[in-house]
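The figures here come from the full heavy-atom set of this structure, side chains too, leaving out hydrogens, waters and symmetry mates.
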Amino acid sequence: MAAAEDFSAELRSERAPQGGGLCCVSVVCCLLLACSYVGSLYVWRSELPRDHPAVIKRRFTSVLIVSGLSPLFVWTWREFTGVKTASSLLALMGIRFEGLIPAIVLPLLLTMVLFLGPLMQLAMDCPWSFVDGIRVVFDPWFWMLCASDMRWLRNQVVAPLTEELVFRACMLPMLVPCTGPFTAVFTCPLFFGVAHFHHVIELLRFRQGTLSGIFLSAVFQFSYTAVFGAYTAFIFIRTGHLVGPVLCHSFCNYMGFPAISTALEHPHRLIVLSSYLLGVLLFLLCLFPFTDPSYYGVLTPVCTLASSPSSLCLT
């Protein structure tokens, strides 16, 4: 820990002075990046709903272009503010090899622990045996079928990859020097949550529900995505890797929001509800041990941007 603090102090001595100007530039860059991502979804004029394959394909094109250009926002921010970094731009964005295997396994395992209740419920209701499930996982035709489904590609691949790249890997390096790691964990998800308000446009356009129902749905989605965004931001800062948040995002998209009402009516309600409770308790116990920065490098690259050591960055 002492070595990490000395390294952080050395970096602070080389960094440009902090202040309101730095924070202003950081927030503006994050806003522009969020608007660019959401705006890219609407450059195509169409009367079709968002789940239509043609709409999904067009949006793939635009969000992949914006995501591919998103590192330029970080590079421009770094050049404009004069913030000096010891790590490369890619390393700051969580694209690096050090600690890669733990970054793939541990955050995903931690998220699965949190979803122990829904996973137990899914296993009890699934008509397949465990052996059948293993066979499906290793069946190439199954994955080819998934890859041909535009909605599956969007929910499991493109959305997790592009959203985590833009809203975590690009925004957190710009926010940490201004707010510090702890505050950045809760500030960054606000951009992510607000960005999901664009779904209201779709609901209103195709009249999918009452006005009050659409509003409540938007508030719920903002709250859920903001909490989830804080979780993946926490993982990104603690591990310094992009792959963990991407895999967790994909897994959560697959699982969806836990169906607690269904669990209350389940024939084996006691077992299912106990699994929900056990999952939450184990998740809280494992949250910091599973994301111990020492597994991923003594001081993760994004933490070197902090003005002072943080408990999130140190073991």
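The hydrophobic clustering, which links ILVMFWY residues whose side-chain heavy atoms are closer than 4.5 Å, places V227 and L114 apart. Placement of V66 and V43 in two distinct hydrophobic clusters is found when ILVMFWY residues are connected by side-chain heavy-atom separations under 4.5 Å, directly or transitively. Cluster membership for I65 and V166, using ILVMFWY side-chain heavy atoms within less than 4.5 angstrom, is not shared. By the criterion of side-chain heavy atoms lying less than 4.5 angstrom apart, applied directly or through intervening Ile, Leu, Val, Met, Phe, Trp or Tyr residues, F251 is not grouped with M120; the two fall into different hydrophobic clusters. Two different hydrophobic clusters hold V136 and L145 under the rule that ILVMFWY side chains link at heavy-atom gaps under 4.5 Å.
Few gaps surround OH on Y224; more than 12 heavy atoms of other groups in view lie less than 6.0 Å from it.
Taking the ring centroids of F288 and F234, they lie under the 6.0 Å cut-off. Note: F142 and F138 fail the aromatic proximity criterion, with ring centroids not under 6.0 Å apart. F191 and Y37 have their aromatic ring centers separated by at least 6.0 angstrom.
Note that the CG atom of L282 and the OG atom of S275 stand 10.5 Å from one another [nearest 0.5 Å]. Once rounded to the nearest 0.5 Å, the distance linking SG of C248 with CG of L110 reads 7.0 Å. Taken to the nearest 0.5 Å, the CZ atom of R269 stands 11.0 Å off from the OG atom of S274. Rounding to the nearest 0.5 Å gives a distance of 11.5 Å between CG of D292 and OG1 of T239. Within the model, atoms OH of Y276 and CZ of F115 stand 9.0 Å from one another, a figure rounded to the nearest 0.5 Å. For the atom pair I235 CD1 and H249 NE2, the distance stands at 12.0 Å (nearest 0.5 Å).
Put simply, the side chain of P293 does not reach to within 4.5 Å of the side chain of L299, judged on heavy atoms. For the pair C252 and Y231, the minimum side-chain heavy-atom distance is 4.5 Å or more. The side-chain heavy atoms of P189 and T225, taken from C-beta on, include no pair separated by under 4.5 Å. Side-chain contact between W77 and C29 is present, with heavy atoms from C-beta onward closer than 4.5 Å. Between W152 and V157, some side-chain heavy-atom pair lies under the 4.5 Å cut-off. For the pair T179/F186, no side-chain contact is recorded, criterion being any heavy-atom separation below 4.5 Å from C-beta on. Side-chain contact between T162 and L64 is present, with heavy atoms from C-beta onward closer than 4.5 Å.
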What do the steps show when you test R58 against V55 for side chain to side chain contact (heavy atoms under 4.5 Å, CB included), and what is the final call?
CA-CA 5 Å; R58 291 172 181 173; V55 174; 5.6 Å; no
Full working for side chain to side chain contact (heavy atoms under 4.5 Å, CB included) between L242 and M93
CA-CA 7 Å; L242 175 61; M93 295 171 56; over 6 Å; no
Audit row: T291, L106, side chain to side chain contact (heavy atoms under 4.5 Å, CB included) steps and yes/no
CA-CA 7 Å; T291 59; L106 294 180; over 6 Å; no
In sequence, state the C-alpha distance, the side-chain angles, and the governing distance for R96 and Y296, and then conclude on side chain to side chain contact (heavy atoms under 4.5 Å, CB included).
CA-CA 10 Å; R96 60 196 184 99; Y296 315 97; 4.0 Å; yes
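When all heavy atoms are compared, the tightest approach of S62 to W44 is OG-NE1, 3.5 Å. Between G229 and R168, the closest heavy-atom pair is CA-NH1, 3.5 Å. What you find for P102 and P107 is that their closest heavy atoms are O-CD, 3.3 Å. The two residues S67 and P71 make their nearest non-hydrogen contact at O-CD, 3.5 Å. For the residue pair A184 and L175, the shortest heavy atom distance occurs at CB-CB, 4.2 Å. When every heavy atom of A263 is checked against every heavy atom of V272, the shortest pair comes out as CB-CG1, 3.7 Å.
Looking only at distances, no side-chain donor or acceptor of T232 sits under 3.5 Å from a matching main-chain atom of P245. Side chain of S26 to main chain of M174: a donor-acceptor pair is present (N/O by atom type, distance under 3.5 Å, no hydrogens or angles). A donor-acceptor pair under 3.5 Å is absent between the side-chain atoms of H241 and the main chain of V243, judged by distance alone. N155 places no side-chain N or O within donor-acceptor distance of the main-chain N or O of N253, the cut-off being under 3.5 Å. In this structure, S250 contributes its side chain and L247 its backbone to no donor-acceptor pair below 3.5 Å. For the pair R238 (side chain) and L312 (backbone), a donor-acceptor distance under 3.5 Å is present. Remark: the backbone N or O of V137 is paired with a side-chain donor or acceptor of W143 at under 3.5 angstrom.
Geometrically, R59 engages Y42 in a cation-pi contact defined by less than 6.0 Å to the ring centre and at most 45° from the axis.
The side-chain contact (heavy atoms from CB on, under 4.5 Å) with L92 is formed by just one residue from the set V74, L172, L305; it is L305.
Aromatic ring orientation, H268 versus H266: tilted (interplanar angle from 30° to 60°).
With C30, the cysteine C188 has an SG gap of 2.5 Å or longer.
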